[in-house]
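Heads up, the thing below is written out as structure tokens.
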Amino acid sequence: MKRAILSVLLLFAFLTGFAQNRNICRLGITYDISQSDHWGKNRPVITSIIPYSPAELAGVKTNDIIMAIDGVQTLDISPEEIEEMLNPAGKNEVLLTIGNLSNPSKQVMVKKECKKSNAITEEQLATAFSMYSLETTSEREFVCPFKTTVTADPVDFGKFKTFAFSAIDENNSKLETVINESIEKELTKKGMTVDVDRPDILVQTFYFFDKNPNYKGANKILIEKEPVYRYNFLQSKMEIFPFLNPTAAETEAEYLLQFGFRLIDQRDVPGRILWECEANELLEDSYRLDEYARIHAPLMCMQYPYTKYRRNVPFKVNQKTYNYTGLSYDIDRMELVTDVDKNSPAYAAGLRPRDVVEKINNHKMDNTTEEFSAAYKGFITNTMKYRDPKTRFTDANGFKRCMFWDTFKYSQVADAIQKSGNKAAYSYLYYYAPYINPSGNNACTFDIKRGKNKMEIIVRPTIRRSVTVEVK
């Protein structure tokens with residue numbers, strides 16, 4: 001589905017792209033038709049997995065190559081036929097044969113997840129109404145100044161299964177041990193194994209950090225610059241780093257940092273560099289090389305074995321924590337329940353398709369999508385005074401005024417949520433948060449109408465958490 005430039009303002013972004021009068025089905029993957037001589041040439045390569053999707057449940061991973069679909073080799077069919085076979089009409093499941101660094105050929109059965117074409121899920125609504133809780137739900141992007149070099153030889157990286165590290169410099173043993181541990185962790189996660197006796201690949205690292213001899217002082221324009229954020233896998237969150245924008249002049253950097261590693265062939269052509277990634281950073285403050293390696297080795301390794309960008313790698317981070325009840329709503333009549341997931345909290349509580357939700361936590365639901373969107377836009381504008389400017393960031397849609405709530409103003413935020421004019425029914429998606437519901441009780445009250453009968457149903461949601469970091 002398409003997103004508006006400022007998705008925080010309009011729910012309509014999630015109402016486009018639906019085909020009417022039919023179901024929309026998904027496996028939960030995105031993919032490229034690879035043009036790489038080193039990984040999956042002319043086959044689909046998985047580029048992302050949607051959290052809680054059938055593909056994730058089946059064990060499909062990023063960078064997996066789809067070798068065959070229902071027994072048909074993907075090399076033998078066109079991209080259009082691949083798309084059709086991944087969503088076959090009249091079938092509820094798809095048999096994928098996938099290959100990766102740990103297994104050249106493995107079969108997995110993936111069941112299709114289908115929703116009515118006019119249904120909008122809580123996952124989608126959580127993104128649409130993310131300004132209620134930017135602390136837990138946001139889409140952000142950042143770029144790392146990586147230079148990635150791949151051998152020009154048409155060698156299949158799938159043949160290289162084992163690795164070892166070059167000898168450690170005894171003068172920097174502590175630092176190099178940390179660096180090697182960070183890289184080893186990522187390569188083993190991809191299915192490779194350590195073999196110090198006869199490795200297929202030798203890993204060689206290099207690094208540099210020092211004051212910049214050409215430093216002339218910071219550009220005054222940069223004093224009010226937007227902070228440089230990157231994702232820290234160790235802390236599972238976006239963090240501010242003392243790096244300058246890649247467009248800054250080197251003379252504006254007080255410190256220079258270089259870090260990288262290369263994978264050297266020991267199997268076929270000993271000494272041949274198969275793959276190399278290096279980062280060259282401009283810094284406004286000192287920074288430890290071991291910390292840089294811990295945080296950036298996982299990001300560098302995301303481009304092995306499937307390399308999309310040779311310079312300045314863009315990443316996208318989707319963080320999402322929201323209340324899952326299992327309900328989907330009619331995009332044309334938002335109070336109408338179109339689907340209720342089986343085995344979900346809402347289903348267990350007694351909610352069913354065709355129920356009309358009159359209120360959620362005392363917020364009325366009889367509003368059009370236009371009314372919900374207008375009220376949400378007004379809420380964002382009127383509550384900016386309750387946000388903390390020190391947390392400001394730009395989201396993936398380019399909205400520059402994203403900020404967390406000021407922790408000292410949670411009560412004012414909760415009061416604003418309760419105002420009827422803000423039409424904040426979908427704030428229940430974040431009812432566990434103290435700035436939405438200070439009581440700490442996450443049980444949500446649904447007032448529904450079923451035919452001529454009215455009833456109050458208490459639903460105890462499951463809090464769904466996910467973070468996906470992918471090469472854009």
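What you see is a predicted model; the values in this text were computed from it and never measured.
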**Message:** Pairing donors with acceptors under 3.5 angstrom, does anything connect the side chains of Lys320 and Thr127?
**Reply:** yes
Quick one: side chains of residues 455-472, donor-acceptor pairs under 3.5 Å with protein atoms, not counting sequence neighbours, listed by atom name and distance.
residue : atom : partner : partner atom : Å
Lys472  : NZ   : Glu141  : OE1          : 3.1
Lys472  : NZ   : Glu141  : OE2          : 3.2

**Prompt:** Is a side-chain donor or acceptor of Gln303 paired with a backbone partner of Lys308 at a separation under 3.5 angstrom?
**Reply:** yes
**CG (Asn441) with more than 12 external heavy atoms under 6.0 Å** = yes
**Asked** What closest approach, in Å, do Ser427 and Ile436 show between heavy atoms, and which atom pair accounts for it?
**Response** O-CG2, 3.7 Å
**Prompt:** Do the ring planes of Tyr432 and Tyr430 sit parallel (below 30°), tilted (30 to 60°) or perpendicular (above 60°)?
**Reply:** perpendicular
**Message:** Assess the residue pair Arg26 and Glu113 against the criterion (salt bridge (Lys or Arg N to Asp or Glu O under 4.0 Å)); give the C-alpha distance rounded to whole Å, side-chain angles, the decisive distance to 0.1 Å, and a yes or no.
**Reply:** CA-CA 5 Å; Arg26 69 172 187 175; Glu113 179 183 70; 2.6 Å; yes
**Asked** Do Asn442 and Asn323 get their side chains close enough for a donor-acceptor pair, meaning under 3.5 Å?
**Response** yes
**Request:** Flag the pair Pro54 / Val110 as yes when at least one side-chain heavy-atom distance between them is below 4.5 Å, and no otherwise.
**Result:** yes
**Contacts of type side chain to side chain donor-acceptor pair (under 3.5 Å), residue Arg140, not counting sequence neighbours** = none
**Message:** Is the distance between the ring centroids of Tyr287 and Tyr255 under 6.0 Å?
**Reply:** no
**Prompt:** Can you tell me if Asp388 uses its side chain to pair, donor with acceptor, with the backbone of Thr407 under 3.5 Å?
**Reply:** no
**Message:** Distance check, rounded to the nearest 0.5 Å: Leu125 atom CG versus Ile331 atom CD1?
**Reply:** 11.0 Å
**Message:** Would you say the ring centers of Phe243 and Phe142 fall short of 6.0 Å from each other?
**Reply:** no
**Request:** Could you check if a side-chain atom of Leu336 sits within less than 4.5 angstrom of a side-chain atom of Arg354, using non-hydrogen atoms only?
**Result:** yes
**Request:** Name all pairs fulfilling the side-chain hydrogen bond (donor to acceptor under 3.5 Å, both in side chains) condition that reach into residues 50-70, sequence neighbours left out, sorted by first residue then second.
**Result:** Asp64-Asn100, Asp70-Lys91
**Request:** Would you check if Lys316 and Asn318 make a side-chain contact, meaning some heavy-atom pair closer than 4.5 Å?
**Result:** no
**Message:** Under the criterion side-chain contact (heavy atoms from CB on, under 4.5 Å), I'd like the reasoning laid out for Met302 against Leu299: C-alpha separation, chi angles, the key distance, then a yes or no.
**Reply:** CA-CA 5 Å; Met302 288 178 68; Leu299 295 170; 4.2 Å; yes
**Prompt:** Hey, does the side chain of Arg294 reach the backbone of Ser182 with a donor-acceptor pair shorter than 3.5 angstrom?
**Reply:** no
**Message:** Given the ring of Phe146, does Arg311 sit roughly above its face, with NZ or CZ under 6.0 Å from the centre of the six-membered ring and within 45° of the axis?
**Reply:** no
**Prompt:** Can you tell me if Ser34 uses its side chain to pair, donor with acceptor, with the backbone of Trp39 under 3.5 Å?
**Reply:** yes
**Asked** Is there side-chain contact between Arg43 and Leu75, with at least one heavy-atom pair below 4.5 Å?
**Response** yes
**Prompt:** Closest approach of Val94 and Leu86, non-hydrogen atoms and distance?
**Reply:** CG2-O, 3.8 Å
**Message:** To the closest 0.5 Å, what do you measure between NE2 (His296) and CZ (Phe233)?
**Reply:** 10.5 Å
**Message:** Is it the case that the side chain of Thr97 and the backbone of Ser105 share a donor-acceptor pair, with hydrogens and angles ignored and the cut-off at 3.5 Å?
**Reply:** no
**Prompt:** Within a reach of under 6.0 Å around CD of Glu83, are more than 12 heavy atoms found that belong to other residues, nucleotides or ligands?
**Reply:** no
**Prompt:** How long is the gap from CG on Asn42 to CD1 on Ile77, to the nearest 0.5 Å?
**Reply:** 12.5 Å
**For Leu282 against Ala253, the heavy-atom pair lying closest together** = CB-CB, 3.6 Å
**Request:** Could you tell me whether the side chain of Thr137 and the main chain of Thr321 form a donor-acceptor pair under 3.5 Å?
**Result:** yes
**Asked** Hey, mind stepping through Ile50 and Glu123 against side-chain contact (heavy atoms from CB on, under 4.5 Å) and telling me if it holds?
**Response** CA-CA 11 Å; Ile50 297 173; Glu123 175 196 15; 3.7 Å; yes
**Prompt:** Taking all atoms of both residues into account, what is the closest heavy-atom pair of Pro434 and Tyr410, and its distance?
**Reply:** CG-CE2, 3.8 Å
**Prompt:** For Leu244 and Glu284, which heavy atoms make the closest approach, and how far apart are they?
**Reply:** CD2-OE1, 3.8 Å
**Prompt:** Do Pro88 and Lys112 come close enough that some side-chain heavy atom pair is under 4.5 Å?
**Reply:** yes
**Request:** Please examine the side chains of Met238 and Gln319, heavy atoms only from C-beta on, and report whether any two atoms are closer than 4.5 Å.
**Result:** yes
**Message:** Within the 3.5 Å criterion, strictly below it, is a donor on Ser130 or Tyr322 matched to an acceptor on the partner's side chain?
**Reply:** no
**Request:** For residues Pro227 and Phe393, determine if any side-chain heavy atom of one lies less than 4.5 Å from a side-chain heavy atom of the other.
**Result:** no
**Fill in**
To the nearest 0.5 Å, atom CG of Asp339 lies from atom OG1 of Thr121 at 10.0 Å
**Asked** Are Lys419 and Asp415 within salt-bridge range, i.e. N to O under 4.0 Å?
**Response** no
**Asked** Between Glu281 and Tyr292, do the side chains contain an N or O donor and an N or O acceptor separated by less than 3.5 Å?
**Response** yes
**Item:** Non-neighbouring partners of Asp366 that pass side chain to side chain donor-acceptor pair (under 3.5 Å), sequence neighbours left out
**Value:** none
**Request:** Determine the sole option in Phe157, Tyr306, Tyr304 for which the ring pair (Phe, Tyr, Trp, His ring centres under 6.0 Å) test with Trp275 is passed.
**Result:** Tyr304
**Prompt:** Is the shortest side-chain N to carboxylate O distance from Glu371 to Lys423 below 4.0 Å?
**Reply:** no
**Request:** Please check if atom NZ in Lys409 has more than 12 non-hydrogen atoms from other residues, nucleotides or ligands closer than 6.0 Å.
**Result:** yes
**Fill in**
So CD of Glu239 and NZ of Lys237: to nearest 0.5 Å the spacing works out to 5.0 Å
**Message:** Looking at every heavy atom in both Gly350 and Arg450, which two are closest together, and how far apart are they?
**Reply:** O-NH2, 2.8 Å
**Asked** Counting N and O atoms only, with roles assigned by atom type, does the side chain of Ser78 sit under 3.5 Å from a partner on the main chain of Glu81, one being a donor and the other an acceptor?
**Response** yes
**Ring-ring centroid check Tyr132 Trp405, cutoff 6.0 Å** = no
**Item:** Derivation and outcome, side-chain contact (heavy atoms from CB on, under 4.5 Å), residues Ser236 and Tyr231
**Value:** CA-CA 7 Å; Ser236 298; Tyr231 188 76; 3.6 Å; yes
**Prompt:** Looking at NZ of Lys41 and OG of Ser36, how far apart are the two atoms once the value is rounded to the nearest 0.5 Å?
**Reply:** 8.0 Å
**Message:** Quick test of your reading: applying disulfide (SG to SG under 2.5 Å), list the pairs with at least one residue in residues 404-472, sequence neighbours left out, ordered by first then second residue.
**Reply:** none
**Asked** Taking C-beta and beyond as the side chain, do Asp395 and Ser138 meet within less than 4.5 Å on heavy atoms?
**Response** no
**Message:** Between Tyr426 and Phe372, does the ring-ring contact (aromatic ring centres under 6.0 Å, His included) criterion hold? Intermediate values first, please.
**Reply:** CA-CA 9 Å; Tyr426 291 107; Phe372 272 123; 5.2 Å; yes
**Request:** Indicate whether the side chain of Ser328 and that of Thr338 have a donor and an acceptor atom separated by less than 3.5 Å.
**Result:** no
**Item:** Main-chain N/O of Met403 paired to Arg387 side chain as donor or acceptor, under 3.5 Å
**Value:** yes
**Residue list, salt bridge (Lys or Arg N to Asp or Glu O under 4.0 Å) with Glu122, at least two apart or on another chain** = none
